[in-house]
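A short worksheet on the structure shown next.
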Number of protein chains: 2
Amino acid sequence: MKIGELAKAAHVEVETIRYYERIGLLPAPARSHNGYRAYAGMHLERLAFIRHCRALDIALADVARLLRFVDDPSAECGEVDALIDTQLARVRARLDSLRTLEDQLVALRSQCGAPDRAAQCGILHELEAPTLGDACVCHGERPQ
Amino acid sequence: MKIGELAKAAHVEVETIRYYERIGLLPAPARSHNGYRAYAGMHLERLAFIRHCRALDIALADVARLLRFVDDPSAECGEVDALIDTQLARVRARLDSLRTLEDQLVALRSQCGAPDRAAQCGILHELEAPTLGDACVCHGERPQ
DNA sequence: GTTGACCCTGTAGCGGCTACAGGGTGTGTC
DNA sequence: GACACACCCTGTAGCCGCTACAGGGTCAAC
């Protein structure tokens with residue numbers, strides 16, 4: 001399998017595959033007589049594993065840790081759990097902060113009356129508010 | 001005001017201020033006899049504006065666009081609305097995908113029985129599933 | 001005169017790719 | 001044989017928003 005074929009099979013960019021090889025995540029494949037990379041089924045499996053982890057937003061360093069368990073089936077896998085738990089906590093923290101952000105943007109958006117001159121723009125005024133130490137619609141009484 | 005004082009007043013790192021100057025977001029201040037940056041109130045206002053936008057996760061390029069309206073109060077501000085709307089849409093899209101991610105991670109986490117050997121690890125098996133074209137607990141019947 | 005806190009410039013690093021530049025190879029068509 | 005075109009190679013730089021040095025200068029206090 002040439003790199004382009006692997007890329008299509010795994011729905012990944014060619015450059016991404018070379019990048020994974022460079023950082024040691026995907027083992028370097030054999031080379032054909034012309035120097036082209038020649039991949040085997042194992043590479044597709046590994047790449048699919050990586051992409052699956054990435055779809056779960058798991059950092060590449062953590063993917064590398066998970067791959068070590070794949071390579072060593074006799075290892076204790078408690079760390080795998082912990083890693084997924086940490087990932088889940090990270091996602092939930094980000095969800096919380098994005099929800100707050102959404103509320104703030106909605107509040108900010110509501111400041112716009114009829115669009116006119118910047119001088120009268122409620123949104124810009126709100127964005128400037130904390131400058132003066134005032135409360136702002138999005139961040140409440142005490143800015144920051 | 002020296003850069004360290006400005007940094008404290010705006011709750012920003014010194015390096016961040018120099019970075020904003022370098023990319024043209026914060027105007028270069030006057031210099032004292034010793035070459036130190038000497039900031040005026042205007043810089044604090046502008047920096048607070050920038051940080052407020054950043055707290056709303058507005059990209060620096062968009063902050064620059066907003067600052068142009070601050071500098072030209074007679075301009076039409078329809079673009080300000082549009083920018084906030086776009087930002088809100090971005091945040092909501094990210095929220096959606098994070099919520100899906102959360103569900104997937106929870107499903108994945110539930111695959112762990114008692115932690116033991118990696119060979120028996122339900123989580124690792126699920127992460128490997130799409131490799132074989134199987135359905136996986138987190139991505140449903142048809143992986144990818 | 002020495003310590004320590006601050007300031008300066010310039011550059012490199014983070015993550016996870018993405019996008020070249022500048023070349024080689026393989027296949028098909030004229 | 002000549003050409004086009006798709007693909008492959010290596011190496012490097014760019015994206016974002018900082019952050020963290022290295023290697024130096026300045027200033028006030030003790």
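Letters A, B, ... mirror the listed sequences (proteins, then strands); counts begin at 1. Keep in mind that this is a model prediction, so the values were computed, not measured.
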**Study point:** Sequence-distant partners of E102(B), salt bridge (charged side-chain N to carboxylate O under 4.0 Å, His left out), two or more places apart
**Key:** R92(A)
Sequence neighbours excluded and cut-off under 3.5 Å, please list the side-chain donor-acceptor pairs for residues 57-68 of chain B, or say none.
unit_1, atom_1, unit_2, atom_2, d
D62(B), OD1, R65(B), NH1, 3.0
R65(B), NE, E79(B), OE2, 3.0
R65(B), NH2, E79(B), OE2, 2.8

Practice item. Please name all residues satisfying side chain to side chain donor-acceptor pair (under 3.5 Å) with R90(B), sequence neighbours left out, ordered by chain then number. Key: Q87(B)
Check your understanding: Between dC18(D) atom P and E15(B) atom CD, what is the distance in whole Å?
Key -> 12 Å
Study note, to complete from the structure: Min and max contacting nt of DNA chain C in 5' to 3' order, chain B heavy atoms within under 4.0 angstrom, are dC6(C) to dT9(C)
Revision key, fill the gap. Sorted by number, residues from residues 16-36 of chain B placing a heavy atom under 4.0 Å from DNA chain C are R18(B), R31(B), G35(B), Y36(B)
Side chains of residues 31-44 of chain A: which donor-acceptor partners sit under 3.5 Å, not counting sequence neighbours?
unit_1, atom_1, unit_2, atom_2, d
R31(A), NH1, G35(A), O, 2.9
N34(A), OD1, Y36(A), N, 3.0
R37(A), NE, E21(A), OE1, 2.8
H43(A), ND1, A40(A), N, 3.1
H43(A), NE2, P27(A), O, 3.4

Practice item. Using side chain to side chain donor-acceptor pair (under 3.5 Å) as the criterion, list what pairs up with S97(B), not counting sequence neighbours. Key: R94(B)
Exercise for review: Quantify the bending of the helix from dG1(C)-dC30(D) to dC30(C)-dG1(D) as the angle between its end axes, each fitted on five pairs, to 10°.
Suggested key: 30°
Review point. Can you check whether A82(B)'s main-chain N or O pairs, donor with acceptor, with T86(B)'s side chain at less than 3.5 Å?
Key: yes
Study note, to complete from the structure: Those residues at least two apart in sequence (or on a different chain) that pass salt bridge (charged side-chain N to carboxylate O under 4.0 Å, His left out) with R54(A) are none
**Study point:** Rounded distance in Å - CZ (R54(B)) to C1' (dC16(D))
**Key:** 9 Å
Exercise for review: Report the residues that fulfil side chain to side chain donor-acceptor pair (under 3.5 Å) with Y20(A), sequence neighbours left out, ordered by chain and then residue number.
Suggested key: R51(A)
Point to revise | salt bridge (charged side-chain N to carboxylate O under 4.0 Å, His left out) involving D103(A) - partner list, sequence neighbours excluded | key: none
Study note, to complete from the structure: By side chain to side chain donor-acceptor pair (under 3.5 Å), S74(B) pairs with (sequence neighbours left out) D72(B)
Point to revise | I3(B) CD1 to dT26(D) C1', straight-line distance once rounded to whole Å | key: 15 Å
